[in-house]
Amino acid sequence: RRRGLPGSHAHRQAALAVPRPELTHDAFIVLAAQAGFDPADPHLDDLFPDVRSLFQRIDMLEALDPQGAEPVQHFAAGEEA
């Protein structure tokens, strides 16, 4: 079975066959430390729920199938906005 090119929708769908685990607070602190943040910074506790929600929204977006969707045209050439 073909998985598609990296970055393609087929490749993303194949990757989604294995669900990404829920981001835990401990994993978030490790990621923050790897990104150069001080893991003892209390502000990270405030950021954690927002980052977890962001990861959940990314998962939902990755699950979308854009095949056949027409792009929205916001303006037409020669027309004033």
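Side chains are part of it too, since the values below use all heavy atoms of this structure and drop only hydrogens, waters and symmetry mates. Predicted model, so just to flag it, every value in this text is computed and none were measured.
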Taking atom [atom1] of [X] and atom [atom2] of [Y], what is their separation to the nearest 0.5 Å?
{"X": "Glu22", "Y": "Arg52", "atom1": "CD", "atom2": "CZ", "result": "5.0 Å"}
{"X": "Asp45", "Y": "His25", "atom1": "CG", "atom2": "NE2", "result": "4.0 Å"}
{"X": "Leu54", "Y": "Leu23", "atom1": "CG", "atom2": "CG", "result": "10.0 Å"}

Going by the rule ring-ring contact (aromatic ring centres under 6.0 Å, His included), which residues pair with Phe37 if we only count those two or more places apart in sequence or in a different chain?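 Phe37: no ring-ring contact (aromatic ring centres under 6.0 Å, His included) contacts found.
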Kindly assign one of parallel, tilted or perpendicular to the pair Phe48 and Phe28, based on the angle between their ring planes and the thresholds 30° and 60°. tilted
Got a sec, which residues hit side-chain contact (heavy atoms from CB on, under 4.5 Å) with Pro49, two or more places apart in sequence or on another chain?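 With sequence neighbours excluded, Pro49 shows a side-chain contact (heavy atoms from CB on, under 4.5 Å) to no residue whatsoever.
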Please examine the side chains of Leu64 and Met60, heavy atoms only from C-beta on, and report whether any two atoms are closer than 4.5 Å. no
When clusters are formed by joining ILVMFWY residues with side-chain heavy atoms under 4.5 Å apart, either directly or through shared neighbours, do Ile29 and Phe55 land in the same one? yes
